[in-house]
Each structure stands twice: as structure tokens, then as C-alpha cells.
Amino acid sequence: MKPMKPVYIAAQAVTPFIGKGNPNFIDKGHEEFGVRENPTLEDHIVGVVRKLIDDHHIDPTLIQRGYIGNFAGELFSHQAHLGAMVARADERLSGIGFARVEAACASGGVGIVNAIESIQSGLDVVLVVGAEVQTTVRAREGADYLARAAHYASERSIDDFTFPALLARRAKAYKEAYGLSERDLAHFSVKAYDNANRNPMAHMCAVKMTLEQAETASDGNPKILKNPELHDHLKVSDCSQVSDGAAAVLLASEAGLQKLGRAMEDAVKLRSYGFCTNPLGEVKDLLELDTAAAAAGEAMRDANITPQDIQVAEVHDCFTIAELMMYEAIGLAEKGKGKELVLSGRTSIEGDIPVNTGGGLIGFGHPVGATGIKQTAEIYRQMKGQCEDYQVQRELNLGLTANMGGDDRTVVSLVLENTV
Ligand code: CAA
């Protein structure tokens with residue numbers, strides 16, 4: 001879709017993503033254990049909204065509508081009705097309509113779609129927040145909650161770690177069809193960790209990953225799947241993180257930018273978007289992310305661009321195989337050739353098509369409801385030269401996001417254009 005009425009990102013904010021392995025995450029081994037607690041879901045939501053308002057001097061009374069992407073607040077934090085939670089961030093937000101949007105790991109992306117379409121229906125300033133807290137339970141229990149993003153009745157039993165197993169199933173099929181080594185997949189993991197090491201906001205900012213570590217199963221990098229057919233096709237280094245965090249973007253029409261006092265050069269234009277859903281549990285071809293291909297294809301068609309025009313991208317690397325298949329779904333690589341792109345270095349920060357510069361879901365982290373919004377904020381920050389140690393050192397005018405819910409069941413893709 002191409003918005004009839006132009007839509008701009010007027011401002012963005014992201015909280016640091018944390019979880020196991022992050023120096024600020026309090027667990028039993030931490031020196032502040034018992035002294036300080038990790039931020040709650042409410043802390044993340046309130047914190048990111050206040051950050052957006054304060055950092056960009058936003059008058060909250062100008063916000064006319066808001067959406068919050070969240071997948072499983074009830075399960076991880078015993079908290080639903082998160083639209084009304086947003087209003088706790090600032091008393092001037094009282095009375096504005098906010099609602100939660102749920103589409104598994106694409107909740108954030110679908111929140112942005114709702115905001116764009118609200119602007120098409122006449123509003124000028126719409127807030128989109130995304131947040132998730134997942135570290136309140138062990139990873140095995142969390143895997144059961146996350147499995148609700150699959151077709152629970154038919155797919156839960158594939159493995160205790162349902163989503164890792166669903167994507168390991170794709171890795172196995174891909175290896176059989178095209179050939180793919182552990183070292184090939186390790187390159188995706190190493191790129192994610194290397195980028196995260198340059199990004200102090202990233203969950204894995206302090207964790208190093210070498211090619212040798214990522215390609216070899218070990219006590220520190222175990223194969224966690226019990227399903228005998230899938231056991232060999234996934235290690236911990238292939239996985240995105242169980243993270244807590246939040247992100248927010250403020251979308252505005254041209255009139256909205258003026259009301260907010262934001263200059264055009266402070267904005268990024270949302271040139272087009274694609275939004276597709278396919279039936280849960282009915283993946284047709286393990287070798288293709290066809291929902292992602294449809295959403296990104298729609299976004300690029302309506303932006304009147306080809307994959308070769310994209311200068312920076314944020315794609316949903318929930319597992320290493322997902323990033324590879326995203327390259328092919330978007331058209332950055334031909335079918336069966338995705339690994340060549342990462343091996344060539346072209347998708348590194350120094351390459352000609354940098355992908356997931358802040359570390360992606362594997363390195364930056366994956367608080368699922370926040371991810372689609374964080375991806376959008378990342379492209380904004382890259383275009384505006386705000387990424388410090390992981391800044392791409394050239395002008396960036398066109399970027400693309402691809403935010404995936406479930407096993408390629410819901411996908412939102414945005415084409416973003418710098419305004420100056
Ligand atoms: N040897 C053998 N097995 C070991 C081991 C070792 N040295 N160390 C751990 N394990 C096994 C154990 O069985 C352990 O389970 P128990 O805790 O019950 O013993 C299991 O691995 C997990 O170990 P940990 O809990 O210590 O692992 P962790 O906390 O470091 O987490 C992870 C690692 C399980 C990979 C976790 O990071 C994870 O679950 N990541 C994926 C998150 C995910 O799936 N997100 C959703 C992505 S899908 C998407 O984006 C789309 C959507 O809509 C959902």
C-alpha cells in the first residue's frame with residue numbers, strides 16, 4: 001500500500017534490550033541480586049513513552065490515537081489491557097484512545113499499520129509503542145508461551161522448544177535442497193553478535209561470538225532440541241534472545257509534523273507498506289518465506305523500487321536460517337544463494353547492503369512485541385546518522401523492514417525514505 005496522505009516518522013525511542021547475558025540483567029549471579037530488580041513490563045512501556053516525549057520535546061496533548069504491540073503480557077506478566085497502560089506514562093495522555101495490537105512477533109509491525117491507516121482516516125499524530133517482558137519465566141516455560149504464535153493444537157508437540165524446532169525444520173529442508181554448512185549459518189550469528197558488540201543498547205552487547213564457537217556444538221553452545229530429526233539442525237547460537245524491552249515511534253501527517261514543531265529534515269517518510277497473513281500451521285513450502293515475500297513485494301511494488309534500490313534493511317532473524325531466507329524472500333539474493341550474501345560481507349555494516357546493523361534479533365535482542373517498532377526506529381536512526389559506533393558511513397535514503405509473526409504467518413514490511 002502507498003499511503004494516499006503522506007505519513008512520516010516524527011520521532012522514535014528504544015529502551016536498552018536486556019536479558020540473560022546482558023551486564024544490566026539481574027539474575028542469581030549478579031552482584032546486585034536481591035538489591036535491585038529488572039524493569040517490569042509497565043516500566044518498559046512507561047519508560048519508552050517518556051523517553052520519546054522528553055528526547056524530542058513532544059507535547060503529548062497533540063497525540064490523537066495510539067497502539068501498543070504486545071504478544072503475551074498476560075502470560076509473562078499477568079497483565080493485559082495494555083492500551084490503558086500507555087496512559088500511565090504521562091497524565092497529559094489521559095483521555096486519548098490507545099489499544100493493544102497482537103500479531104505474535106509482528107505485533108509491533110501491525111501496530112504501525114494501524115497507525116498509518118488511522119492517519120489515512122484523518123488523524124495527524126499517532127503513537128505506536130511495542131513492548132515485551134519474557135524473562136519472568138525459564139526459557140523452557142517461555143517456549144510454551146511463544147508456541148501460541150504457532151498453531152498450538154498441531155505444532156506444539158514438535159518439540160518443547162516449538163519455535164526453534166519449526167525453524168530448524170526449515171534449516172534441515174534447506175540443507176537438503178541447496179547445501180548449507182554449520183559454518184555458513186555461523187556467519188549470520190557472528191555478524192549479529194559483532195554488530196551488537198558495537199551497540200550499547202543491545203542485549204548481547206558484551207557477549208563475543210567467533211566463527212569457531214558458532215559452528216561447533218559445545219557445553220556453551222548446546223543443541224537444545226529433543227526431536228531426533230531436528231536435533232542436529234539448531235544450536236543456541238542460531239537463536240534470537242529471550243529479551244525484555246520496548247520501542248516507540250510517533251507517526252505524523254505533514255500537518256502533524258508542523259503541529260509537533262518537527263522539521264521535515266527530522267522526519268523519515270513511510271513511503272509504502274506491505275501486510276500479509278497466511279493460515280496458521282499451513283506452511284506450504286519449507287524453502288520459502290512466502291508471506292514475507294508477498295509483504296516485501298507489495299511494499300517495494302508500491303514504492304516503485306526493486307530490491308537493488310534498498311540501501312539498508314532490518315529483517316526478522318529470529319533464527320540464523322530466517323535471515324538467510326529473508327534475503328531470498330525480499331529478493332536480495334536468488335533462491336538457494338542467500339548464504340553467499342553473508343559470506344561476501346555485503347550485509348555487514350561496511351557492506352553495500354547492510355542488514356540488521358544494531359545486531360538484529362540475535363544480537364540486539366527480541367522482546368517480541370517491540371521488534372517491528374525497533375526495526376523501524378533503527379532505519380530512522382541509521383538515516384539520521386544516530387547510530388554512533390555502528391553507523392553506516394554513507395548517506396542512506398531508502399530502507400526496508402520485514403517483521404514476521406509466527407512461522408512466516410503474518411508479515412509487515414515497510415519502505416522508508418529519508419527526507420533530506
Ligand atoms: N547441554 C545440553 N543441553 C543443554 C545445555 C548443555 N550444556 N545447556 C542447556 N541445555 C538445554 C537444557 O535442556 C535446557 O532446558 P532446562 O532449562 O529445562 O534444563 C535448555 O537447553 C535451555 O537452556 P537454558 O534455559 O539455560 O537456555 P537459555 O536461557 O540460555 O536460553 C534459548 C537459550 C533456549 C535458545 C533461548 O534463548 C530461546 O528460547 N531463544 C529463542 C526464543 C524464541 O523462540 N523466540 C521467538 C522466535 S520466533 C518469532 O520471532 C516469531 C513469532 O511470532 C514467535
Side-chain angles (χ1 to χ4, degrees), residues 17-22 25 27-29 69-72 75-76 102-110 130 132 134-152 155-156 158-170 189 192-193 203-204 207 214 216-227 231-232 234-245 277-278 280-281 283 289 291-292 314-323 325-326 360-372 374-375 402-412:
F17 287 5
I18 63 166
K20 201 168 164 182
N22 184 283
F25 182 70
D27 55 12
K28 273 190 185 149
N70 172 264
F71 171 52
L75 296 170
F76 287 106
E102 190 276 305
C105 299
S107 298
V110 178
E132 206 81 46
Q134 303 173 104
T135 61
T136 49
V137 298
R138 284 171 54 207
R140 186 177 292 278
E141 196 180 336
D144 182 53
Y145 298 167
L146 288 164
R148 287 148 168 87
H151 186 258
Y152 198 89
E155 295 182 317
R156 173 63 182 123
I158 187 171
D159 195 275
D160 276 3
F161 289 97
T162 301
F163 265 95
L166 289 173
L167 275 291
R169 187 171 68 164
R170 287 189 182 270
S189 182
Y193 280 81
H203 181 154
M204 287 302 183
V207 177
T216 317
S218 65
D219 267 1
N221 187 20
K223 297 176 178 177
I224 57 166
L225 301 178
K226 290 278 184 322
N227 181 317
H231 175 78
D232 279 338
L234 177 125
K235 301 185 288 305
V236 166
S237 57
D238 292 306
C239 300
S240 57
Q241 306 310 319
V242 171
S243 312
D244 302 342
T277 303
N278 276 308
L280 270 180
V283 169
L289 299 179
T291 312
E314 285 285 319
V315 307
H316 201 97
D317 60 324
C318 48
F319 299 92
T320 49
I321 186 68
E323 179 166 337
M325 294 183 77
M326 277 282 176
L361 283 59
I362 294 174
F364 202 145
H366 185 25
V368 297
T371 286
K374 185 269 290 179
Q375 291 179 327
N403 176 208
M404 176 170 100
D407 184 6
D408 186 47
R409 300 297 80 198
T410 297
V411 178
V412 173

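Order of listing sets the numbers, starting from 1, for every ligand and every atom in it.
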At less than 4.0 angstrom from any non-hydrogen atom of His316, what atoms of ligand 1 do you find? 49 (C), 50 (O)
Val242: numbered ligand 1 atoms lying under 4.0 Å from its heavy atoms: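 Result: 36 (C), 37 (O), 38 (C), 39 (O).
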For residues Asn403 and Cys105, report the shortest heavy-atom separation together with the two atoms involved. ND2-O, 2.8 Å
Quick check: does any side chain N or O of Glu323 sit under 3.5 Å from a backbone N or O of Met325, one acting as donor and the other as acceptor?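 Answer holds: no.
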So is [X] touching ligand 1 or not, going by heavy atoms under 4.0 Å?
X: Lys223; answer: no
X: Leu146; answer: yes
X: Ser240; answer: yes
X: Phe319; answer: yes

Using 30° and 60° as the class limits, which term best fits the ring planes of Phe364 and Phe17: parallel, tilted or perpendicular?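 Answer is tilted, since the angle falls between 30° and 60°.
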Nitrogen or oxygen of Arg140 less than 3.5 angstrom from that of ligand 1: yes
Under 3.5 Å between some N or O of ligand 1 and some N or O of Gly406? yes
Check whether any side-chain heavy atom of His316 sits under 4.5 Å from a side-chain heavy atom of Leu361, and report yes or no. yes
Are the side chains of Ile158 and Leu166 in contact, using a 4.5 Å heavy-atom criterion?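 Side-chain contact under 4.5 Å: yes.
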Glu132 and Asn70: side chain donor to acceptor below 3.5 Å: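 Looking only at side-chain atoms, Asn70 and Glu132 do form a donor-acceptor pair, the distance falling under 3.5 Å.
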Distance alone, cut at 3.5 Å: any donor-acceptor contact between the side chains of Ser243 and His203?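 Their side chains do contain a donor-acceptor pair, which is all the 3.5 Å distance test asks for.
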What protein heavy atom is closest to atom 5 (C) of ligand 1, reported as residue, atom name and distance in Å?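 Here the nearest protein heavy atom works out to Pro222 CG, 3.4 Å.
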One residue to check: Cys105. Relative to ligand 1, which of side chain, backbone, both or neither has a non-hydrogen atom less than 4.0 Å away? both
Phe71 contact mode with ligand 1 (heavy-atom cut-off under 4.0 Å):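 For Phe71, no heavy atom sits under 4.0 Å from ligand 1.
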